[in-house]
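Before any comments, here is the structure.
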Amino acid sequence: MSTPHPLTHPGTDLLRGKRVLVTGVLTPKSIAYAIAAASQRAGAEVLLTSFGRAMSLTRRSAQRLSPPPEVLEMDVTDGTQVDAAAARVRETWGGIDGVVHAIGFAPEDCLGGNFLAAPWSSVATAFEVSTYSMRTLAAAFSPLMAATGSLVTLTFDARVAWPLYDWMGPAKAALEAVVRYLARDLGRRGVRVNALAAGPLETIAARSIPGFETLKSSWKLQAPLGWNSADAGPVADAAVFLLSDLSRAITGEMLHVDGGYHSQGAPLIEVVEAAES
Ligand SMILES: NC(=O)c1ccc[n+]([C@@H]2O[C@H](COP(=O)([O-])OP(=O)(O)OC[C@H]3O[C@@H](n4cnc5c(N)ncnc54)[C@H](O)[C@@H]3O)[C@@H](O)[C@H]2O)c1
């Protein structure tokens, strides 16, 4: 469970008056759940979205938020549901200030060391759900945004290849590019588009990534600040920053919230030796 940081305790008001749609809450361990909770603590009004059989799980998670947000049904691959969710947002709020895209999925044969064998049909699903959906959300919700609107997505730093992450890697690399192109096209209206590159966090989606445990251990060794993969709080606080006016001149950016892992070429020898002894 995430530990609230003082920055997003009630009374900080960074998102006072902001209306934020958060996708991707499944369980209280979801990164999106931590973002929804931190946004509420910072004063935002929040709506959630979910889809299909996940709806009941999301509704249960929503009950733990204060106040419990309404959950809209929105499968990002279903244009009718996306349009209906946008209509509901317009009806509820009149407009919107922030959208959090926390959606990712790849069929099993896209992960786990099967890179050369994965069929296009599975790869296409991974790209449609994990990458193209960012464009779908931008197209549906940015027209409801005034200048200072903010779209935030979540990636797993795809500038490099990772063991076993396979086709989620190219899907995330394309998502990072989509962020830059959306930043180009929406910037003239004042709308910002950014990505958070999170370190490994224990969520349902992470469970389906083979080798996740090894990734977690390598983070512990290499991140100068250390890394707690049970705490999505630091990622949530960075999301609050990107949704707030404090980030008003930042767009097309990928902000690492990974304990500094990305800045190091390899773990410090003495840290490795200490872990081995
Ligand atoms: N967990 C990590 O280590 C980690 C690290 C970096 C980035 N991320 C990214 O963070 C995002 C959130 O994942 P998470 O780790 O919190 O896991 P999660 O399983 O809690 O969330 C994934 C969400 O995607 C939603 N989803 C899948 N298909 C969908 C569809 N067709 N329509 C609408 N929603 C759909 C699921 O309902 C779920 O809520 C993902 O993009 C993931 O790739 C995760």
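Both ligands and their constituent atoms are indexed starting at 1 by order of listing.
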Below 4.0 angstrom, N of the basic side chain to O of the carboxylate: do [X] and [Y] qualify?
{"X": "Asp157", "Y": "Lys172", "answer": "no"}
{"X": "Glu70", "Y": "Arg88", "answer": "yes"}
{"X": "Arg207", "Y": "Glu202", "answer": "no"}

Got the residues with a heavy atom under 4.0 Å of ligand 1, by chain and number?
-> Gly24, Val25, Leu26, Ser30, Ile31, Phe51, Met74, Asp75, Val76, Ala102, Ile103, Gly104, Val129, Leu154, Thr155, Phe156, Lys172, Ala198, Gly199, Pro200, Leu201, Thr203, Ile204, Ala205, Ala206, Phe212
Quick one: are the ring centres of Phe156 and Trp219 less than 6.0 Å apart?
-> yes
What side-chain hydrogen bond (donor to acceptor under 3.5 Å, both in side chains) pairs are there with at least one residue in residues 186-197, not counting sequence neighbours?
-> Arg192-Ser247
Taking it one step at a time, do Tyr181 and Arg184 satisfy side-chain hydrogen bond (donor to acceptor under 3.5 Å, both in side chains)?
-> CA-CA 5 Å; Tyr181 279 86; Arg184 181 196 68 183; 5.4 Å; no
